[in-house]
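Values in this document were obtained by computation on a predicted structure and should not be read as measured data.
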Amino acid sequence: MDEFRNESYENAKIYKERTKAWHDKHIVHKEFVLGQQVLLFNSRLCLFPGKLKSQWSGPFTVVKVFPYGAVEVTHDEKGTFTINGQRLKHYRNGESIEKRDDIPLTSS
């Protein structure tokens, strides 16, 4: 009986290690620089009511980047405050991510 228990503990440990390695490999680290424009994720804590509102507000401007992911941002109307960097994403002002070429389809 102890053999089965030890084997199951070992299998659970191996599973957890593989799952953690997969998760850590897929994490995207974001780096922010001073003066950069960012968007803030609206948490659903009744701060931003409305079902059909956008999940992102902004743009905000980065004022200071602290170690371990904290970022100080400023906005003309909302003021300056410190926020966790995981709630921010880069703001692309009208920048197209992909350039598309139109290919006309003609019938033969």
Looking at side-chain heavy atoms only, is the closest gap between Trp56 and Leu40 below 4.5 Å?
no
Which distance, rounded to the nearest 0.5 Å, do you find between the CZ of Arg87 and the CG of Leu39?
12.5 Å
For Thr82, check side-chain hydrogen bond (donor to acceptor under 3.5 Å, both in side chains) against everything at least two apart and list the hits.
none
How far apart are the closest heavy atoms of Leu88 and Ile83, and which atoms are they?
CD1-CG2, 3.8 Å
Least distance between heavy atoms, Lys30 atom then His90 atom:
CB-NE2, 4.1 Å
hydrophobic_cluster_shared for Val71 and Phe81, side chain cutoff 4.5 Å:
yes
Is the shortest side-chain heavy-atom distance between Val62 and Val38 below 4.5 Å?
yes
Indicate the atoms forming the closest heavy-atom contact of Phe60 with Val73, along with that distance.
CB-CB, 4.0 Å
Taking side chain as C-beta onward, heavy atoms only, is Asn6 less than 4.5 Å from Glu3?
no
Listed partners of His75 passing side-chain hydrogen bond (donor to acceptor under 3.5 Å, both in side chains), at least two apart:
none
Quick one: which residue pairs count as a side-chain hydrogen bond (donor to acceptor under 3.5 Å, both in side chains) with a foot in residues 11-28, not counting sequence neighbours?
Lys20-Asp24
For Asp2, salt bridge (Lys or Arg N to Asp or Glu O under 4.0 Å) partners two or more places apart
Arg5
Please check if the number of heavy atoms outside Phe66 that lie under 6.0 Å from its CZ is greater than 12.
yes
The side chain to side chain contact (heavy atoms under 4.5 Å, CB included) partners of Gln37 (sequence neighbours excluded) come to Pro59, Thr61, Tyr91
